[in-house]
There are 2 protein chains.
Amino acid sequence: MKAILLALAALPTFALAQPLDPAALRDQALNDDTAWNVVADLTTEIGPRLAGSEAEARARDWAVTRLKTLGFSNVRIEPFEIDGWERGVERGEILAPFAQPLVLTALGRSGATPAKGLTGEVVGFDGLAALESAPASAIAGKIVFISHRMAPAQDGSNYGTFVPIRQKGPSIAASKGAAAIVIRSVGSNSHRIAHTGVTTWADGQTPIPAAALSVPDAEQLERLLAKGGTVRLRLVLTPRFTGKRPSGNVIAEIPGRDPAAGIVLISGHLDSWDLGTGAIDDGAGVAIAAASARLAGQAGQPLRTIRVVWFGSEEISAPGGDAYKAAHGGEKHVMAAESDFGSDRIWKFNTLVSEPSSPVLARVGELLLPLGIARGVNDARPGADIHSLAAAGVPIISLRQDGTRYFDIHHTPDDTLDKVDSSQLRQNVAAWTVVLSIAANDPAWPEKPVIQSKSGAK
Amino acid sequence: MKAILLALAALPTFALAQPLDPAALRDQALNDDTAWNVVADLTTEIGPRLAGSEAEARARDWAVTRLKTLGFSNVRIEPFEIDGWERGVERGEILAPFAQPLVLTALGRSGATPAKGLTGEVVGFDGLAALESAPASAIAGKIVFISHRMAPAQDGSNYGTFVPIRQKGPSIAASKGAAAIVIRSVGSNSHRIAHTGVTTWADGQTPIPAAALSVPDAEQLERLLAKGGTVRLRLVLTPRFTGKRPSGNVIAEIPGRDPAAGIVLISGHLDSWDLGTGAIDDGAGVAIAAASARLAGQAGQPLRTIRVVWFGSEEISAPGGDAYKAAHGGEKHVMAAESDFGSDRIWKFNTLVSEPSSPVLARVGELLLPLGIARGVNDARPGADIHSLAAAGVPIISLRQDGTRYFDIHHTPDDTLDKVDSSQLRQNVAAWTVVLSIAANDPAWPEKPVIQSKSGAK
């Protein structure tokens with residue numbers, strides 16, 4: 001490995017105009033600042049980009065200008081509508097047994113308290129199963145608290161274990177008559193910042209106030225509950241549902257030589273939560289998608305069209321993916337991918353294709369090895385925005401980023417540019433440049449639809 | 001060293017009632033949870049304890065109860081008054097060139113904006129010297145921004161370099177007609193939390209609004225200023241000066257056998273900033289002071305009185321130290337010390353004594369070596385609360401804690417119990433137990449007043 005890395009370091013940088021093979025493009029990407037400039041400017045010139053907000057609309061216009069400047073063709077916005085929601089005031093405090101403030105933030109689509117707040121007794125659970133099995137009589141009229149112990153993991157899998165607390169906990173609590181719910185943030189940091197994220201309600205259910213506590217505040221509440229006796233909180237949460245709001249996907253292309261050869265889709269999402277500036281979630285992803293597509297285009301006009309999609313409103317259950325599928329599902333896609341797991345180093349090359357032993361994928365794997373990326377499973381999980389494409393059989397490539405620190409930052413005010421490591425960002429671009437330049441040009445790319453044996457690729 | 005550590009681990013734990021020598025007490029301290037229980041309960045049952053607040057008063061009552069429970073004698077509150085100040089609403093946003101919110105917090109003793117806020121153009125400086133040399137014409141009516149690059153340091157010395165930006169910057173800006181001032185937090189973290197701390201105004205000067213930006217927000221502002229053009233902010237800061245408020249020191253003793261032998265003083269401060277729960281600043285310090293004094297008392301009634309002082313209102317320029325000096329300066333103090341630098345491992349044993357080569361101090365040094373603590377300089381800097389005692393010549397002992405991560409947390413919402421490492425906390429208690437048990441019992445303790453050659457011990 002050391003010899004390979006030294007060889008890489010010694011490679012010259014080619015001029016952009018010269019057609020290059022995938023290995024040379026990869027190495028050029030390691031010296032390319034396109035992605036850094038996109039994420040730096042997007043987070044500085046727009047900042048937070050909540051689904052359906054005026055800032056998200058500004059981001060779409062910004063994106064059109066930037067993607068044209070980067071040399072893409074057919075740059076356009078494809079609008080759709082969403083059900084809007086926006087944050088209001090948010091405050092919390094312990095009233096008894098020991099008065100002190102709490103740091104919390106409303107979950108996306110939380111209901112509101114009265115403007116002057118809501119007070120109630122806390123009933124605590126150590127996970128979703130405990131809440132599910134509790135009788136409504138123990139919950140009605142109270143403030144439910146759900147805690148957990150989510151540790152970091154390189155593959156991010158612990159999020160899958162614990163995020164149902166955020167997604168389903170509020171609805172379950174509401175169904176049992178809870179006045180409100182607070183959860184320990186679904187995150188792995190120990191800072192006084194809370195992790196937001198969308199929650200979902202059953203059809204016809206009236207949303208109750210639902211908030212995440214920072215981890216230190218959740219631990220404070222756990223200590224108080226462990227002492228026994230009654231714990232009372234006061235919550236002030238005044239988010240509101242705003243009705244229909246405009247959102248949209250931004251699309252840009254490098255047109256292929258043969259329209260019948262299909263489309264290679266690389267994506268990220270343009271919206272972000274409102275607390276941070278959406279640097280790792282997902283400014284980095286849209287930057288990686290555009291920078292790698294642009295570099296892949298340096299190999300000369302590709303056989304297939306490379307399509308970059310910056311999805312809108314991913315954070316509220318990915319309606320942009322559905323809108324894209326409705327508009328473009330009939331087009332031939334030979335590959336879909338989404339970069340939406342931050343900006344740290346890629347370590348694993350997963351696929352969800354019908355021909356995992358294809359020599360083309362073996363070639364991709366060989367070109368990724370010098371970047372520290374090993375071949376993984378053929379059971380890739382598509383990003384939320386390309387889930388419906390995957391469900392329709394489009395082959396999926398997933399380059400897995402190191403997620404060890406992702407859930408320290410994700411959905412918090414801390415999601416800012418300083419968390420992006422420019423060197424690791426370039427490694428991401430280099431890896432995707434390999435994938436795109438081969439997928440867009442190799443006639444033997446394994447493009448057959450994937451017949452999924454499981455209930456779905458979610 | 002390994003052999004020493006193994007020997008330590010093999011030492012038995014003695015029953016509390018049995019008189020012990022300093023080495024045995026030290027090793028007992030490594031298994032003692034008294035300090036942990038104090039800091040855990042103080043931060044859970046009281047939480048934030050702003051100087052002059054009702055919570056600080058509750059903390060004093062809590063302290064009296066706890067110190068009596070721990071077996072101390074002569075436990076009492078010595079009240080004094082301070083000029084109160086309390087936080088109000090605090091919000092900031094960039095208006096131009098790119099609108100987005102900022103995370104900030106008012107500095108202690110900041111002036112207020114109108115309730116609806118203040119807008120202004122930003123003029124940026126890269127340090128205090130640049131502000132000092134700028135003409136008033138460049139500043140009048142504007143919002144001053146001061147940035148810097150404070151890196152972590154084990155000895156904490158970088159705080160001394162940069163804290164004048166917070167202490168003096170606002171007054172200098174006001175003297176040149178600034179409408180307000182924002183500074184990059186005087187801290188070394190990269191989280192979306194701002195560092196408060198007291199600022200000072202010249203006599204008769206009208207305070208202007210003065211806030212600290214979180215480091216990522218300061219970097220955002222730096223990027224905007226670097227692009228050129230006008231940057232405009234809106235600030236809403238509504239703190240207020242509350243007039244006279246009660247504060248006080250809490251004192252507890254282990255009376256010595258010989259009143260003429262003098263007092264050994266160990267201290268921390270009971271107040272905290274309002275943003276966190278005051279775990280590392282300085283819940284840990286009061287816990288270390290009490291736990292080590294209690295352990296030192298296990299050696300039997302000491303020759304000298306061991307006096308524990310939990311100072312009030314340290315964060316607003318240490319009036320508790322002045323009050324103590326006024327009340328007790330005439331008593332014979334043979335040593336004063338304050339633990340006020342968090343709860344991480346002690347690595348250096350500094351002194352400020354007239355006889356640094358005393359064999360008694362050599363003995364202390366030898367007993368500290370197995371804890372990983374090396375002898376340092378005879379130029380110790382006293383904690384803020386014992387500065388006036390030091391200026392009067394009282395010998396000072398300073399056990400320096402590792403400050404590498406202290407300024408990530410200090411004066412922020414992140415100052416919570418989870419930041420205290422119970423093992424490192426015990427190492428602190430063990431080290432102070434050695435110092436106190438020797439200072440309180442060895443007739444040869446170097447108690448002569450210190451004649452300081454410099455302008456002062458500050």
Side-chain angles (χ1 to χ4, degrees), chain A residues 40-50 53-55 58-59 62 87 89 91 93-94 96-103 105 189-194 214-227 231 272 274-279 408-409 412-420, chain B residues 40-50 53-55 58-59 62 87 89 91 93-94 96-103 105 189-194 214-227 231 272 274-279 408-409 412-420:
Chain A
D41 291 345
L42 176 61
T43 56
T44 302
E45 298 179 9
I46 306 294
R49 308 173 294 284
L50 184 70
S53 68
E54 178 275 336
R58 271 191 286 130
W62 182 96
R87 193 175 304 283
V89 172
R91 289 199 307 274
E93 60 186 313
I94 299 166
F98 306 114
Q100 57 177 288
L102 290 169
V103 172
T105 197
N189 67 327
S190 285
H191 298 293
R192 213 76 186 286
I193 51 180
S214 88
V215 167
D217 291 85
E219 291 182 350
Q220 186 78 294
L221 204 48
E222 288 175 37
R223 278 191 292 274
L224 293 180
L225 289 168
K227 285 175 185 278
V231 177
S272 76
D274 53 340
L275 301 175
T277 63
D408 290 354
I409 302 166
T412 76
D414 247 3
D415 182 4
T416 48
L417 183 63
D418 50 297
K419 310 308 182 304
V420 177
Chain B
D41 291 346
L42 177 60
T43 56
T44 302
E45 299 178 9
I46 307 293
R49 309 173 293 282
L50 183 70
S53 67
E54 178 274 338
R58 269 190 286 131
W62 182 96
R87 194 174 303 282
V89 172
R91 289 199 307 274
E93 59 186 313
I94 300 166
F98 306 113
Q100 57 178 285
L102 290 169
V103 172
T105 198
N189 68 327
S190 284
H191 298 293
R192 212 76 187 286
I193 50 178
S214 89
V215 167
D217 291 86
E219 292 183 349
Q220 185 78 292
L221 205 48
E222 287 175 37
R223 278 192 292 275
L224 294 179
L225 290 167
K227 285 175 185 278
V231 177
S272 75
D274 52 341
L275 301 175
T277 62
D408 290 354
I409 302 166
T412 76
D414 249 2
D415 183 3
T416 47
L417 182 63
D418 50 297
K419 311 308 182 303
V420 178

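Letters A, B, ... are given to chains in the order of the sequence lines, protein chains preceding strands, and every chain is numbered from 1.
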(message) So for A:P97, is it side chain, backbone, both, or neither that comes closer than 4.5 Å to the heavy atoms of chain B?
(response) neither
(message) Treating A:K419 as the side-chain partner and B:S190 as the backbone partner, does any N or O pair qualify as donor plus acceptor under 3.5 Å?
(response) yes
(request) Could you have a look at B:P216, B:G47, B:A99 and say which one has the most heavy-atom pairs with chain A under 4.5 angstrom? (result) B:P216
(message) With a 4.5 angstrom heavy-atom cut-off, is it the side chain or the backbone of A:I46 that approaches chain B, or both, or neither?
(response) backbone
(message) Less than 4.5 Å apart, side chain to side chain, heavy atoms only: is that true for A:L417 and B:R223?
(response) yes
(request) Would you mind checking which part of A:T43 comes under 4.5 Å of any heavy atom in chain B, side chain (CB onward), backbone (N, CA, C, O), both or neither? (result) backbone
(message) Quick check on A:T44 against chain B: is it the side chain, the backbone, both or neither that has a heavy atom closer than 4.5 Å?
(response) both
(message) Under the rule for side-chain contact (heavy atoms from CB on, under 4.5 Å), what residues qualify as partners of A:Q100, not counting sequence neighbours?
(response) A:I94, A:Q220, B:P48, B:T277
(request) Taking the side chain as every heavy atom from C-beta outward, state whether A:E219 and B:D418 have any pair of such atoms under 4.5 Å apart. (result) yes
(request) Sort B:D41 into side chain, backbone, both or neither according to what part of it lies under 4.5 angstrom from a heavy atom of chain A. (result) side chain
(message) Tell me whether A:D414 contacts the main-chain N or O of B:R192 through its side chain, where contact means a donor paired with an acceptor under 3.5 Å.
(response) yes
